[in-house]
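Note sheet for the following structure.
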Amino acid sequence: MSSEKEPIALASNFIRAIVEKDLEQHKFARKKWVGSPGDAAHQAMGQVDAAKIRTRFPPEPNGYLHIGHAKSIFLNFGLARDYGGICHLRFDDTNPEKENQEYVDSITEMVHWLGFGWQNGKENNLYFASNYFDFMYRAAESLIENGHAYVDSQTADEMRMNRGTLTEPGKNSPDRDRSIAENLQLFREMRAGKHADGSLVLRAKIDMASPNINMRDPAIYRVRRAHHHNTGDTWCIYPMYTFAHPIEDALEQITHSICTLEFEDQRPFYDWLLERLAEANLLAHPLPHQYEFARLNLTYVVLSKRKLIDLVEGKHVNGWDDPRLPTLAGARRRGYVAEGFKLFTDRIGVSKADSWIEYTILEDCMREVLNEASERRIAVLDPIKLVIDNYADNKTEDCFAPNHPQKPELGKRTVPLTKELWIEREDFEETPPKGFFRLMPDGMVRLRYGYVVKCTGFEKDAAGQITTVRCEYLPDTKSGTAGADAIKVKGNIHWVSAAHAYAAEVRLYDRLFKEAHPGEGDRDYINDLNPNSVKTITAQLEPSLKDAKPEDRFQFERHGYFVADRKDSVAGKPVFNRTVTLRDAWQK
RNA sequence: UGGGGAGUCGCCAAGUUGGUUAAGGCACUGGGUUUUGAUCCCAGCAUCCGAAGGUUCGAGUCCUUCCUCCUCAGCCA
C-alpha cells in the first residue's frame with residue numbers, strides 16, 4: 001500500500017472548502033426531504049435527507065448553453081457527485097416572454113451530453129420554477145400579511161426616479177404605507193387580472209435608504225399577460241428572479257446555491273426573504289445559502305447571450321451549432337468531447353477573481369483526451385502527386401499502419417501502396433528552409449509505413465505551382481522488414497494511394513475571432529471576427545475513412561483531430577470537421 | 001464621490017487559526033525516447049505574494065494608508 005502512488009488530490013477551491021466544513025459540522029444533519037420539493041409542512045413529513053448536499057444547475061430556458069455553462073454544470077453536478085449529494089436540473093422560467101420549449105430541450109440534451117443526469121433512484125430531480133408559482137403566490141401574500149410587502153402604483157419611471165442613485169438614498173413610494181388589507185386586496189386583484197400590465201407591482205418593504213440598491217424595496221411581482229411555455233395562461237402575474245430564486249432553492253432543499261459574482265449584491269435580499277418566510281413557518285431551517293464564483297471568460301470567443309444571438313441572427317455563423325461557436329452544441333459538432341470539458345474545468349479551477357482563460361487551455365484539454373481516445377488515420381489535406389518512377393505500373397502492395405502508436409492492442413490496418421500517391425504540398429520544398437527535413441530535390445524521406453524514397457525531380461504548372469514530385473524507392477527499406485533501418489532518414493511523410501483515395505469534404509476550422517479580447521476598448525466585436533475561421537477543402541483520405549459514421553473521431557496523422565460531422569455526413573460519404581490541430585513545434 | 005467583491009510567476013490557481021527553502025497545472029526553455037517536427041519522459045522556471053508603512057523572534061497570511069480592476073440604480077435573469 002505504501003508504495004502505491006497517492007491518488008491525485010482533487011483541485012481544492014473555496015467552494016469545496018465550504019462544503020467540507022459544512023459537512024464536518026453536520027450542518028444539514030436535520031434537514032428533511034420527502035422526495036419532492038415543497039414547503040416546511042411538506043418536508044416535515046419526510047426523513048432526514050439521504051443526499052448529503054443538494055446543489056442545482058438553474059438555467060433560464062431562453063437560449064443555448066455555452067462553454068461558460070459547462071463550468072457551472074461541472075461545478076454543481078461535480079460537487080454533488082463528490083460529496084454524496086444530488087444536483088437538480090431546474091429551469092428558472094419566471095419570465096414567460098423569453099422562454100420556450102425548444103430551449104428546454106436543447107439544454108437537457110447538452111447536460112446529458114456532458115455526462116450528467118437527474119434521475120436519482122426513483123427520484124427525478126428535473127424541476128421548473130414555474131411549478132412553484134402557487135407557493136410563490138402564497139409566500140407573497142404572507143409577506144403582505146406580515147407587513148413586509150406592498151403594492152405600488154407608481155409607474156416604472158417614477159420608481160426609477162425615486163430609487164435614488166449609487167450615492168444618494170431613494171425616496172419612499174407614496175404607496176408604501178398602504179394598509180395590509182388594501183395591499184392584500186390589490187394583490188389579489190392583480191392575480192385576478194383586474195389591472196393592466198405594468199400598472200401595479202408588488203414590492204418588498206425593506207429600506208429605501210439602503211446603501212445596497214437591491215434592498216431599496218425591490219419589485220417582486222409584476223403583471224404580465226403572456227403565455228407561459230409551462231403554465232399556459234393560468235397566470236397574469238409573474239414573480240421576479242430576486243424573489244423566485246431563493247424560494248426555488250428552499251423548496252428543493254438546496255444546501256449550496258452557487259451562482260456567478262454579479263449576484264453577490266443580491267445575497268442580502270436572498271437571506272432576508274428566506275428569513276421572513278421561515279418566520280412565517282412557510283420554510284424551515286436550515287435555509288439554503290448562496291455562494292458566488294467568477295464566471296468564465298475565454299480569449300478569442302464571446303460568451304454573452306446577446307453577442308451569440310447577434311452572431312447567429314447576423315448570419316456570421318451558420319446556426320447555433322456552427323462548429324466555430326462556443327455553444328455546447330457547436331463544440332459538440334466541432335468534435336469537442338465531454339471528458340475534455342471535464343479536464344478543462346478541473347484545470348481552470350474556481351475562484352472569485354475575474355480572469356481570462358487562454359483558449360489554448362481548452363484546446364490542450366481536448367487534445368489530451370483525443371490523443372488517448374482516437375485511432376489514427378491518414379489524410380492528405382493539400383494534395384500533390386508523388387510518382388515512384390521505379391515502381392511497377394499496376395502493382396498494389398499492402399502496408400500496415402498501427403491504429404494507435406501507444407496502444408498495440410488496437411491492432412493495425414492495411415493501406416494500399418501504388419505507383420502514384422498523394423502527398424502533402426508542404427512536405428516538399430524546392431528550396432528548403434533551414435532545418436527542413438522532409439522532401440527536397442535529391443533528398444530522401446520515408447513514406448510512413450512504406451519505403452524510403454529519393455527525390456529525383458518535380459514538375460510545375462504554368463503558374464509555377466508544383467504539381468508532381470518524382471522519386472525512386474529503395475526496395476529493401478520497407479517498414480517492418482529487416483532492412484527497414486538500413487538507411488536512416490529523419491523525414492517521415494504520410495501519403496495515400498491516388499487510385500484508392502476517398503476524396504472528401506473537410507472543414508478546417510480556426511478561431512472565430514482574431515483578437516484575444518473581441519470588442520475590447522471601443523472596437524466593435526463584429527470587426528474582430530476572423531475572416532478565415534473556416535476553410536472547406538477536398539482532401540484525399542485513406543480508403544477506410546469512407547465508412548466513418550457521424551461523430552466518429554480520428555487523429556489524421558500529423559494534422560490533428562477530426563470528427564465526422566453529425567449533420568452533414570451521409571452513409572458512405574462522411575464529411576469531416578477539424579476539431580483541433582496537433583501541436584506543432586516546427587515553427588513555420 | 002455610496003455599497004459589494006477581487007488583486008500570489010506569461011495564463012489559471014493552492015496557500016488552515018502568522019512559523020522553517022511560496023503547492024500544482026498550462027505556457028515557456030533545455031535534454032532524452034519516438035517511422036506523427038505528435039505523444040511520452042527528465043530537468044529548469046516567483047528571495048517574492050497590487051504599493052508603502054507598521055506590529056512580531058518570525059507575515060502572502062495581523063494592523064494602517066494608498067492604488068488598480070470588476071459589480072449594483074430592469075416591472076430581465
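Heavy atoms only: backbone and side chains are in, while hydrogens, waters and symmetry mates are out. Every chain is numbered from 1 and lettered A, B, ... according to where its sequence line falls, protein lines coming before strand lines.
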Note: contacts of residues 154-163 of chain A with RNA chain B (heavy atom, under 4.0 Å) are A:Gln154, A:Thr155, A:Ala156, A:Met159, A:Arg160, A:Arg163
To the nearest Å, how far apart are A:Phe14 CZ and B:C12 C1'?
-> 15 Å
Hey, what's the ring geometry for A:Phe437 with A:Trp586, parallel, tilted or perpendicular (30° and 60° as the breaks)?
-> tilted
Taking the six-membered ring for Trp and the single ring otherwise, decide whether the centroids of A:Tyr291 and A:His256 are under 6.0 Å apart.
-> yes
B:G44: pairing nucleotide in any strand, Watson-Crick or G-U under 3.5 angstrom = B:C28
Assign a letter to each nucleotide of nucleotides 31-46 of chain B from its 5' end: B, base within under 4.0 Å of a protein heavy atom; S, sugar-phosphate only; -, no contact.
-> ----BBBBB-------
Between B:G5 and B:C45 - C1' atom distance, rounded Å | 32 Å
Do A:Arg367 and A:Thr581 have side-chain heavy atoms sitting under 4.5 Å apart?
-> yes
Pair assignment for B:C69, Watson-Crick or G-U wobble, requiring both distances under 3.5 Å | B:G5
Pairing partner of B:G74 (Watson-Crick or G-U wobble, both distances under 3.5 Å) = none
Phosphate contact (B:C76 OP1 or OP2) by A:Arg224 side-chain N/O below 4.0 Å | yes
Produce the list of close N/O pairs, under 3.5 Å, pairing protein atoms with atoms of nucleotides 4-7 of chain B; give distances to one decimal.
residue, atom, partner, partner atom, Å
B:G5, O2', A:Glu264, OE1, 3.4
B:G5, O2', A:Glu264, OE2, 3.3

Between B:C75 (P) and A:Arg216 (CZ): distance, integer Å | 13 Å
Interatomic distance where CZ belongs to A:Phe344 and P belongs to B:C12 [whole Å] | 12 Å
Partners passing ring-ring contact (aromatic ring centres under 6.0 Å, His included) against A:Phe269 (at least two apart in sequence or in another chain) | A:Trp272
When you check the gap from the basic side-chain N to the acidic O, do A:Glu397 and A:Lys478 get nearer than 4.0 Å?
-> yes
A:Arg188: what forms a side chain to side chain donor-acceptor pair (under 3.5 Å) with it, not counting sequence neighbours?
-> A:Glu141
Indicate, with yes or no, if the rings of A:Phe133 and A:His228 have centres closer together than 6.0 Å.
-> yes
Mind checking ring-ring contact (aromatic ring centres under 6.0 Å, His included) for A:Tyr451 and listing every partner two or more places apart, or none if nothing turns up?
-> A:Tyr473
Contacts of A:Tyr525 that satisfy side chain to side chain donor-acceptor pair (under 3.5 Å) - sequence neighbours left out = A:Asp310
If you measure from the C1' atom in B:U8 to the same atom in B:G2, how many Å do you get, rounded?
-> 30 Å
Name the nucleic acid region contacted by A:Thr165, choosing base, sugar-phosphate or nothing; use a 4.0 angstrom heavy-atom cut-off, strictly under.
-> base
If we take the P atom in both B:G53 and B:A14, what is their distance in whole Å?
-> 29 Å
Nucleotide of B:G15, B:C11, B:A73 approaching A:Ser12 most closely (side-chain heavy atoms) = B:G15
Atom CZ of A:Arg347 and atom C1' of B:A14 are separated, to the nearest Å, by 16 Å
Taking only residues two or more places apart in sequence, or in another chain, which ones meet A:Arg553 in a side chain to side chain donor-acceptor pair (under 3.5 Å)?
-> none
List in chain and number order the residues that pass ring-ring contact (aromatic ring centres under 6.0 Å, His included) with A:His517, two or more places apart in sequence or in another chain; answer none if no residue qualifies.
-> A:Trp356
Now, which nucleotide makes the Watson-Crick or G-U wobble pair with B:U34, with each of the two distances under 3.5 Å?
-> none
Examine A:Tyr221 together with A:Phe243 and report whether their ring centres are nearer than 6.0 Å.
-> yes
Mind checking A:Phe263 for me? I need base, sugar-phosphate or nothing, with any heavy atom below 4.0 Å counting as a touch.
-> base
If we take the P atom in both B:C48 and B:U33, what is their distance in whole Å?
-> 38 Å
Taking atom C1' in both B:C69 and B:C63, what distance in whole Å separates the two?
-> 24 Å
Plane angle bin for A:Phe556 and A:Phe554 - parallel if under 30°, tilted between 30 and 60°, otherwise perpendicular = parallel
Heavy atoms under 4.0 Å, any strand shown: does A:Glu97 hit a base, just sugar-phosphate, or nothing?
-> nothing
Which value, in whole Å, describes the distance between the P atoms of nucleotides B:A52 and B:G15?
-> 26 Å
So A:Trp235 and A:Tyr137, would you call those rings parallel, tilted or perpendicular, with 30° and 60° as cut-offs?
-> tilted
Go through the structure and list residues passing salt bridge (charged side-chain N to carboxylate O under 4.0 Å, His left out) with A:Arg222, not counting sequence neighbours.
-> none
Using the purine O4'-C1'-N9-C4 or pyrimidine O4'-C1'-N1-C2 torsion, is B:G74 syn (within 90° of 0) or anti?
-> syn
Could you say whether A:Asn13 or A:Pro59 is positioned toward the 5' end of RNA chain B, judged by the nucleotide with the nearest heavy atom to each?
-> A:Asn13
With sequence neighbours left out, the residues meeting side chain to side chain donor-acceptor pair (under 3.5 Å) with A:Glu358 are none
In whole angstroms, how far is the C1' atom of B:C75 from the OH atom of A:Tyr238?
-> 14 Å
In whole Å, what is the span from the CE atom of A:Met215 to the C1' atom of B:C72?
-> 13 Å
Starting from P on B:C75, measure out to CG on A:Asn214 and report it in whole angstrom.
-> 11 Å
A:Glu358 near the nucleic acid: base, sugar-phosphate alone, or nothing, with a heavy-atom cut-off under 4.0 Å?
-> base
Using the C1' atom on both, measure B:C70 against B:G54 and round to a whole Å.
-> 30 Å
Under 4.0 Å between any heavy atoms, over every strand shown, what does A:Val350 touch: base, sugar-phosphate, or nothing? Just pick one.
-> sugar-phosphate
Could you work out the separation of B:C41 and B:A27 based on their P atoms and round it to a whole Å?
-> 12 Å
Using a strict 4.0 Å threshold on nitrogen-to-oxygen distance, state whether A:Glu60 and A:Lys98 make a salt bridge.
-> no
Interface residues of residues 289-302 of chain A with RNA chain B (non-hydrogen, below 4.0 angstrom) | none
Hey, is the side chain of A:Arg222 poking within less than 4.0 Å of OP1 or OP2 on B:C76, counting only N and O atoms?
-> yes
Within this structure, what is the CD1-to-C1' distance between A:Ile357 and B:G10, rounded to whole angstrom?
-> 13 Å
